[in-house]
2 protein chains.
Amino acid sequence: MNQQLRMTKQRAAVAGALDATDEFRSAQQLHELLRDRGDAVGLATVYRTLQALAAGGEVDVLRTDDGEALYRRCARTEHHHHLVCRSCGHAVEIDGPTVESWAVRVGASQGFSDIEHTIELWGTCADCRAAAAHSG
Amino acid sequence: MNQQLRMTKQRAAVAGALDATDEFRSAQQLHELLRDRGDAVGLATVYRTLQALAAGGEVDVLRTDDGEALYRRCARTEHHHHLVCRSCGHAVEIDGPTVESWAVRVGASQGFSDIEHTIELWGTCADCRAAAAHSG
DNA sequence: CCAAGGCTGAGAATCGTTCTCATGACTCGC
DNA sequence: GCGAGTCATGAGAACGATTCTCAGCCTTGG
């Protein structure tokens, strides 16, 4: 299969960093994280690795309001959505069977085909809310 | 209230360009469009105007998969979503009462607060599909 | 018509992301 | 273990979208 993909120290490091958290992280955050941890990896390599993982469906990608890409290794490969904490990136995988069918139905009723949808929920997780309460 | 906001030729031009279409357009597209039309407006001004309009809720903004911002003047100011043609930008405003409540419910059940959601549908509109069929 | 302060635009500066290219690291066959 | 052929890496340049700077212009209130 992917005889083409060599398992290098760098790829392992990036994958490891992703495995170590269930929060969405930007490429730059992962890059810093690896550097601080001692597993320095070039920024370009981090981007390339994330790209490859995303293409293979091994990590999920989403965009913040200002267009930055965030990555996360999810437990499941099947289609799902996320509830993400806007302050710490903590995420919960969620299903929305109802939403799925709604999307397809609405799309079709308007004559559109090849319907896809972008559905992400943003909020403040319990921990962050508590933290905010203490400091405020 | 917005005594602060002066009505200038440039702002009128940008607003006009937005009013003239129901498709999502990027700042750069609008900039070119205005130039071609003879109402040249500086790119910076286009961005500033769109930003102001978006802040005032007068235009809707969404992000393409690669992070570019698209703008559109919508008929309604109330919360709604869109079904957008990924090839021409044509958009239809849609409601999703079911989805709205689902989002809030899911968020709350996970202990998150201040839930917001990003829900956009992408597809190929009938016209674009027909066009593709002819050329393919 | 005047003054005052928001507005504009060209170009520089940012920022995230991708590309280039010389060098480095795997892998396979011997 | 050795060498060739490749894919991978990383520093830095290049890019594309967006924002900032700042001197000069225009709108508005009087």
Side-chain angles (χ1 to χ4, degrees), chain A residues 1-18 23-56 58-72 84 86 89, chain B residues 1-18 23-56 58-72 84 86 89:
Chain A
M1 298 257 146
N2 18 8
Q3 241 96 23
Q4 311 285 43
L5 288 184
R6 294 181 179 170
M7 179 46 67
T8 63
K9 196 173 315 179
Q10 292 84 342
R11 286 187 181 153
V14 173
L18 283 167
E23 306 178 355
F24 272 95
R25 296 288 184 221
S26 70
Q28 316 244 6
Q29 284 179 319
L30 288 166
H31 175 241
E32 278 180 46
L33 202 140
L34 290 168
R35 180 155 44 59
D36 296 350
R37 186 203 253 193
D39 296 327
V41 172
L43 182 55
T45 300
V46 173
Y47 274 106
R48 273 187 298 240
T49 304
L50 289 173
Q51 214 169 251
L53 290 172
E58 307 215 30
V59 297
D60 280 10
V61 193
L62 57 80
R63 298 257 168 194
T64 60
D65 272 350
D66 51 288
E68 192 178 8
L70 300 182
Y71 304 82
R72 176 181 193 267
V84 190
R86 64 169 72 79
Chain B
M1 283 287 97
N2 15 8
Q3 239 97 24
Q4 312 283 44
L5 288 185
R6 295 182 178 171
M7 178 46 66
T8 63
K9 195 174 315 179
Q10 291 86 340
R11 285 188 183 153
V14 173
L18 283 167
E23 304 179 357
F24 272 94
R25 295 289 182 220
S26 69
Q28 318 245 8
Q29 285 179 318
L30 288 167
H31 175 240
E32 277 180 47
L33 202 140
L34 290 168
R35 179 155 46 59
D36 297 350
R37 186 203 253 192
D39 296 328
V41 172
L43 182 55
T45 300
V46 173
Y47 274 105
R48 274 186 299 239
T49 303
L50 288 172
Q51 213 171 252
L53 290 173
E58 306 214 32
V59 298
D60 280 10
V61 193
L62 58 79
R63 298 255 169 197
T64 60
D65 271 351
D66 52 286
E68 190 178 6
L70 301 181
Y71 304 82
R72 176 182 193 265
V84 189
R86 64 169 75 77

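Any value given below was found using the heavy atoms of this structure, including those in side chains, with hydrogens, waters and symmetry copies removed.
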Can you give me every donor-acceptor pair (side chain of residues 41-51 of chain B, partner residue at least two apart or in another chain, under 3.5 Å) with its distance?
unit_1   : atom_1 : unit_2   : atom_2 : d
Thr45(B) : OG1    : Arg48(B) : NH2    : 3.3
Tyr47(B) : OH     : Gln28(B) : NE2    : 3.2
Thr49(B) : OG1    : Thr45(B) : O      : 2.8

Worksheet item: What pairs with Glu68(B) under salt bridge (Lys or Arg N to Asp or Glu O under 4.0 Å), at least two apart in sequence or on another chain?
Response: none

Discussion item. Going by the rule side chain to side chain contact (heavy atoms under 4.5 Å, CB included), which residues pair with Asp65(A) if we only count those two or more places apart in sequence or in a different chain?
Written reply: none

Worksheet item: Taking only residues two or more places apart in sequence, or in another chain, which ones meet Phe24(A) in a ring pair (Phe, Tyr, Trp, His ring centres under 6.0 Å)?
Response: His82(A)

Worksheet item: Looking at Gln28(A), does any N or O in its side chain come under 4.0 Å of the phosphate oxygens OP1/OP2 on dC15(C)?
Response: no

Worksheet item: Expressed in angstrom and rounded to an integer, what is the separation of Gln29(B) atom CD from dG16(D) atom C1'?
Response: 14 Å

Worksheet entry | Rounded (10°) bend between the five-pair end axes of the helix from dC1(C)-dG30(D) to dC30(C)-dG1(D) | 30°

Practice prompt. Report, as a single string ordered 5' to 3', how protein heavy atoms within less than 4.0 Å touch nucleotides 19-30 of chain C: B base, S sugar-phosphate only, - not at all.
Written response: BB----BB----

Item to complete: Could you tell me the separation between the CZ atom of Arg63(B) and the C1' atom of dG16(D), rounded to a whole number of Å?
Response: 13 Å

Discussion item. Can you list everything that forms a side-chain hydrogen bond (donor to acceptor under 3.5 Å, both in side chains) with Arg35(B)? Sequence neighbours excluded, please.
Written reply: none

Worksheet, complete the sentence: Note: Ala13(A) and Asp39(A) closest approach over all heavy atoms is CB-CB, 4.1 Å

Worksheet item: Can you tell me how far C1' of dG16(C) sits from NE2 of His31(A), to the nearest Å?
Response: 13 Å

Worksheet, complete the sentence: Heavy-atom closest pair (Leu34(A) atom, Ala17(A) atom, distance to 0.1 Å) is CD2-CB, 3.9 Å

Item to complete: Using modelled atom types only, decide if a donor and an acceptor are shared between the side chain of Glu32(B) and the backbone of Gln29(B) within a distance under 3.5 Å.
Response: no

Discussion item. Tell me the interatomic distance from Leu50(A), atom CG, to dG16(C), atom P, rounded to whole angstroms.
Written reply: 15 Å

Item to complete: Would you tell me if any nitrogen or oxygen in the side chain of Tyr47(A) comes within less than 4.0 Å of OP1 or OP2 on dT17(C)?
Response: yes

Worksheet, complete the sentence: The correct set of residues in residues 64-71 of chain B placing a heavy atom under 4.0 Å from DNA chain D is Glu68(B), Ala69(B)

Fill in: Value rounded to 0.5 Å, distance of CG in Leu18(B) from OH in Tyr71(B)
10.0 Å

Worksheet item: Can you name the residues that form a side chain to side chain contact (heavy atoms under 4.5 Å, CB included) with Arg63(B), not counting sequence neighbours?
Response: Asp66(A), Ala69(B)

Fill in: Any residue of residues 34-43 of chain A with a heavy atom less than 4.0 Å from an atom of DNA chain D
Val41(A), Gly42(A)

Fill in: Partners meeting side chain to side chain contact (heavy atoms under 4.5 Å, CB included) with Ala54(A) (sequence neighbours left out)
Val59(A), Val61(A)

Worksheet item: Residues in side-chain hydrogen bond (donor to acceptor under 3.5 Å, both in side chains) with Glu23(A), at least two apart?
Response: Arg25(A)

